[in-house]
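Remarks on the structure that follows.
These figures come from a predicted structure and were not determined experimentally. Each chain gets a letter, A, B and so on, in the order its sequence line appears, and its residues count up from 1.
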Amino acid sequence: MTIQIVPLGAGQDVGRSCILITIGGKNIMLDCGMHMGFNDERRFPDFSYISKTGDFTEMLDCVIISHFHLDHCGALPFFTEMCGYDGNIYMTHPTKAICPILLEDYRKISVDRKGERNFFTSQNIKDCMKKVIAVNLHQTIMVDDDLEICAYYAGHVLGAAMFYIRVGEESLVYTGDYNMTPDRHLGSAWIDKVRPDVLITESTYATTIRDSKRSRERDFLKKVHDCVADGGNVIIPVFALGRAQELCILIETYWERMDLKVPIYFSAGLTEKANHFYRLFINWTNEKIKSTFVHRNMFDFKHIKAWDRSYLDSPGPMVVFATPGMLHSGTSLELFKKWAPDPKNMVIMPGYCVAGTVGSKVLAGEKRIQIDSFTSVDVNLQVKNLSFSAHADAKGIMQLIRQCEAKNVVLVHGEKSSMGFLKSRIMTEFGIPCFDPANGETISVETSHVIPIEMSASLLKQHLIRQAEAQQEPGLASSSSPSDSSDDNVEPGSVHHKPPKAASSIRPKDKVLIQGMLVMDDGKPIRLEDADEVLDRVGMARHKVRFEVRKPYNATALRLSVEEAASKMKSSLEEGPTAMETDDNELATASAPPTASVSFDSFKDWDSDSYALDLVFVALQKSIGSHIKLSREGSSIVVRSVKIRAPTALDDFEQGGLLVGWDYEDEDLATRVLLVVTLALNVSR
Amino acid sequence: MRLTSLLPDGEPNCMALKLRQMLILLDCGLGQEQLYAMPVREGGLTETHKNVAELAAVTATTSKQTNATNNKRPNSTVSNAEQTDLRQDWASFLKSSTASFQPNKKKARTGDGAGVPETRLEGESGLGSGSGSGAGSASASANSPSAKGTSPTASRDYMFKLPDFSGIDLKSIDVVLISNYNHILALPYLTEFTDFQGRIFATEPTIEFGRQLMTEFVSFFGTAVASSPHEAIDRKKLVARSGAGLYPAYTLADIKACIDKIQAVRFREHITLYGSLKLTAHSAGYCLGSSNWLVQIGTENIAFVSSSSTQSNLHPDLFDGTLLEHASTVVAADLCPKGSTTYDSGMNDICANVARTIARKGHVLIPCTISGFLFDLLEDIHLHLNRMGLVSQVQYSFVSPVADTALQYSNILAEWMAPRKQEMVYLPEAPLLHGLLLEKGAAKNYKSVHGAFSSDLKHPCIVFGGHPTLRSGPMVNLLHMWGRNSNNSIIFIEPRVDVPASLEPYEGLEISQSICPLDIRLSIDQLVEVMNKYRHAKHVLVPRSATSSTLADGTAELSDAKGTTSTSAIRWSSYKVGESIQLDMGSLYETVLLSEELAKGIYPQAFGNTSYAAVAGSLSIYNNQMQLEPASVTGRQVLALYTQRQLRGVMNLQNLLAGLVAIGVVDPEVTESGPDKDETGSTLPEIKVEFELAGRRSCIIVREDETIVKCDESVRPLLREPILKCFQTL
């Protein structure tokens, strides 16, 4: 099975996030964003990649939007209303609430301001939002019978979420934008140990570390403070939602801490409404804000007051948050025109500006800006561009990979150069494959295909007991050595190493050998059960077949070899114990017990059968004794149904040799036993 | 599985479910019944409380003096001062209760250990009525530390009866699942006073509202002194020792510690514990965050359907029946009793009642907790008053120690509301009407009837809050204040409340009383309907009260309109407090993943509609997930030792002989022997086939279910095939 990933946008780039994935036969679009840097068709992802004929609803199983920033949701109305996608769209509640407002803002700039045609309308946005299904965090949504999705907190902006997607046993996590450290109003991203086959993560700050962001904030606040301390005015052009609230909280807390009296204003009729969104979605902010909201709502700002045009002529200093964010019209432009010539003043551009707007010219450092055909303005004020959007840094990205235990990582939403750095770091640190596909490049990740079955608990128990018993056999457990147990901790005995017994007995049993019968019934889950029980249920009579075979051996050769060994032993005893070590190790160990039990002078009443049985018993114990119980009963050896004995007068067999009998059900065991017997008795060397 | 109910029918839920090796506690409610046997305690006194002031003149003076002396003491701590205040209230209360309300009327209630507080009450009252100043001095003397333990004040603590934990080893409880905040009040006893160490799950709103209800409970019924008197006792032993005793309320510290132990979940969030236990909360539609739990262990699914509602015009998220699609056993609890008023019909009565009272400039008292369908009712009342043109005159007051939190918190829970309400936040508007009313000042909330409440008071006023049993809280004061005016009304809206018992301590009430308990819980008829809708062969357990009789086979006949009995699809039985129900769950299966590699080597054999395949491999347990993979080389050798081959069928002699001939046997000698012919005494009929092969004499003995082959080792490989061919092998 494979998971395929194609970025249509955000591949080695920031902007117009749009990633197509194919998992377990399902096609899913992750985010549907626009690129702020383009004004032509490149601003939207190339949807023709999905389908040339435009039957997107057929092709896609669902669209998932991670958060309300336009580079993640900006192309959605275009895709649904103008391209005709009519399937399911999932996003969180706050995203669903705030997304249409930002889309409307964006539409106004593009259409009303720049006169673009063939753009989506307000009605399009409304219709598009009607198709959206809002999801709650951690809630498992079944898109269809096989595809399930689940949102996790991402902490980037209000309502930002990471999505876990699962089809059968294959899974994927898409992070959207996220932040691993709690900030002023949001908590940190968190995900269960879901062990996805693929983790698609943003990498905006792949080479940044968090401290630098903190110091940038400090730097920003200091600049604002210095500016107002000098009697200058600060203008911060913002959109009504999102970063505006982040900056408001930042400045508000600073003002509170420093006990500053300089007035802060927020222009735009939307403010109250915007802050109201934040108040209603207080559950999506961090614990601190949540726990204190009853007494004091963080979004009821104390220092920030509503802007009134009459303040325009008041002497200052002051700080004004003004809409819109690209200085192309409204209050922000009006203020800018008034304050731009004075070098004491300052403008802070906290976001991105569409090319051609006043904002973009300011950012480009133009000293004289043509505002319209009649007016131009000298730009002498200080210009700062600061982005405070909360993204995970390299450390945070590594932390998330560790937290969810991803098996493959795909980097998107970042600069190519910094991605390369992070990619090599991930590969060396975690030893997992990491990809950074460009737009339109397909990544295929192989996943193992496993089949879920149901195993009878009694079958498992039975095997666990068997394994435990085999390893508890005194004196036998010691013959299993840990060095051989790399893949299974049960292995045939070897006498070469004798590990301390304690170590092997306390080692957890992470593997159990299982045998059973798979039962496949139409419409029911596949079950693994005890073979006997299943066959009894099938209802066919059981038939026992017992084999009794004569195992001939060369009694004379055996006797000779023993006598030879005995005399050697005798001489070696006389020569000293060191001679023993030069002897062939295996032979010595094999014949040691019989020589001990058979006295050197007792060859006269030599019973070759009983001697052969001794030999066989020792050999069996060495080879299979650690797994199965052997017993010696008089003149026979019994291993389950396998019985090795000396023939008696009652048996109508030809004389000579041992008799080996077994039931057919133990055929495999018997084969092994026969092999051991053959080897043990073959002493003609 | 075994199910034991620990609280009687009609009380909040508390059930122990033993499922395989897991012990799960379903809900942890506190019985309310014993409250009626308790004395009335003032939620606090107001300046306007003339009755008391007049009648308790003497006491008041005494107390004031005590108070004054206390205040003069420079080193008196704040808590000390608070204690004194409380005692002052107590003193006045003692006076007022004995003189004006005489709560020492004998109650007919029996059992439940109610005798203890009653005797105490009697003693107290005797003391109080004997001499007013006596009570005052008693409370004054309580200020001295030496008298603390034995003071009458301390002994008047409210005592509560816990669920019957006596039969349960609390330490072995693995999981506690809370369905909604009405069934959580006994939880601090379990977590803080016993050696319980399991995990607790509830939805976020359940935790928050549960915390609020506990806080309210403590402020109404907690011990009068700030430091809890049971602090000194070994707290662990207190509850663990017995299930039947009575215990004082816990403290605010206990609540915090208890709430911190609960893990928040959301609807349809999958929780996996100990590898095999899966838990999922599904919306129950009863109140914000109310949930029904699906408990899955191995392949066994059990649904716990607690307080649920299929009413679709209320604010909570709608009832989610999908958990019933998977469940093989359903435990239904907290059903609405027969003959209850539905929300829609009862709501009209209430609105009309409120409007009538407002029209005659009377106050309306609605004793209830600030939660649940109250939020809907408020909307309906407001709309109704608006239609009647009365809305401008009215002020809504919410009086509760947690009113502020409850009102604010409920409005940020849009995700937990019905789709209709969810839409509101996109506008953005507060989803529940009280958000708007609070903003406009038409509704106000107060911690108690002290202070701002009386100064803000407008006529007429609709007051929500207090405890429905009228044993404590602001309603007690308000009833004293307004209870004698027939223009005012008191409306009981909460189900589960015994109104006559609530009003029993109060005498001479003129206030117009109306009883409209709204019950939105599932009735037994609705339950049957729901079960039939989500069809799946299942066993449903209902409370005994929902059944009319038990049939001979142990199943139940329900008390619904049709008298439903068990069918082949649904088997109904009933449970009752103190009885355990044992259900056989069939054999247990664990989910295992079969690796692709192993699966490739499996060749199933079909017998009828079912296919079989012998499989052997190595099962690894990793990350709580079991996977069956091909065994290693050594593993396979070991497996071979254990392999048990199977032969099925009956030996056919003709086939055997044919097979033997095919491998070159000439003239096998067949001898039949049996009980009839045998001279040797053998009782089994057998056929002996003797022949010579490869120069060796061999023999095969065939019996009915057994075949014995005797031969030389060199010959066996030749004989094996023709013999096995006669059978089916797997």
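Rounding to the nearest 0.5 Å gives a distance of 8.5 Å between CD1 of A:I526 and CD1 of B:I602. Taking CG of A:L460 as the start and CG of B:L619 as the end, the distance is 6.0 Å to the nearest 0.5 Å. How far CG of A:L513 is from CD of B:Q637: 11.5 Å, rounded to the nearest 0.5 Å. In this structure, the separation between NZ on A:K551 and CD on B:E713 is 3.0 Å, given to the nearest 0.5 Å. In this structure, OG1 on B:T610 lies 10.0 Å from CE on A:M520, to the nearest 0.5 angstrom. To the nearest 0.5 angstrom, B:E429 atom CD is 7.5 Å from A:H276 atom NE2.
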**Asked** Going through the distances and angles, do A:L518 and B:Y612 end up as a side-chain contact (heavy atoms from CB on, under 4.5 Å)?
**Response** CA-CA 5 Å; A:L518 282 181; B:Y612 300 91; over 6 Å; no
**Prompt:** Does the side-chain contact (heavy atoms from CB on, under 4.5 Å) test come out yes or no for A:L528 and B:L628, once each step is laid out?
**Reply:** CA-CA 11 Å; A:L528 180 63; B:L628 197 57; 3.8 Å; yes
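The aromatic rings of B:Y409 and A:F293 are tilted relative to each other, their planes meeting at an angle between 30° and 60°.
Residue A:F277 comes nearest to B:P428 through the heavy atom pair CE2-CB, 3.5 Å, listed as atom of the first residue, atom of the second, then distance. Here the shortest heavy-atom pairing between A:A134 and B:Y426 reads CB-OH, 3.5 Å.
Of the two parts of B:I723, only the side chain, counted from C-beta on, holds a non-hydrogen atom closer than 4.5 Å to a non-hydrogen atom of chain A. Looking at B:Q422, only its side chain comes within 4.5 Å of chain A, counting heavy atoms on both sides. Proximity to chain A is limited to the side chain of B:M626, based on heavy atoms less than 4.5 angstrom apart. In this structure, no portion of A:I98 lies under 4.5 Å from any heavy atom of chain B. Heavy atoms of A:R279 lying under 4.5 Å from chain B belong exclusively to its backbone. For B:L719, no part sits under 4.5 Å from any heavy atom of chain A, backbone or side chain. Within the 4.5 angstrom heavy-atom criterion, only side-chain atoms of B:Q627, from C-beta onward, approach chain A. Neither the backbone nor the side chain of B:L598 comes within contact range of chain A; no heavy atom of the residue lies under 4.5 Å from a heavy atom of that chain. Using a 4.5 Å cut-off between heavy atoms, B:D404 touches chain A through backbone and side chain atoms alike. In this structure, chain B has heavy atoms under 4.5 Å from both the backbone and the side chain of A:F547.
Highest contact tally toward chain A, considering only B:E597, B:Q408, B:R266, is held by B:R266 [criterion: heavy-atom pairs under 4.5 Å]. Highest contact tally toward chain A, considering only B:A616, B:S698, B:P431, B:G435, is held by B:A616 [criterion: heavy-atom pairs under 4.5 Å]. Heavy-atom pairs under 4.5 Å with chain B peak, among A:I141, A:L669, A:I451, A:N136, at A:I451. Between chain A and the options B:E204, B:E415, B:R720, heavy-atom pairs under 4.5 Å are most frequent for B:E415. Among the candidates A:D192, A:T92, A:D521, A:L280, the residue making the largest number of heavy-atom pairs closer than 4.5 Å to chain B is A:L280. Between chain A and the residues B:L593, B:I708, B:V702, the most heavy-atom pairs under 4.5 angstrom are made by B:L593.
A salt bridge is defined here as a Lys NZ or Arg NE, NH1 or NH2 lying under 4.0 Å from an Asp or Glu carboxylate O, and A:E667 with B:R716 meets this definition.
More than 12 non-hydrogen atoms from other residues, nucleotides or ligands lie less than 6.0 angstrom from CG of B:D260.
Across B:H270, B:R268, B:E269, a single residue satisfies side-chain hydrogen bond (donor to acceptor under 3.5 Å, both in side chains) together with A:H138, and that is B:E269.
Checking side-chain atoms of A:Q515 against main-chain N and O of B:L639 turns up a donor-acceptor pair under 3.5 Å.
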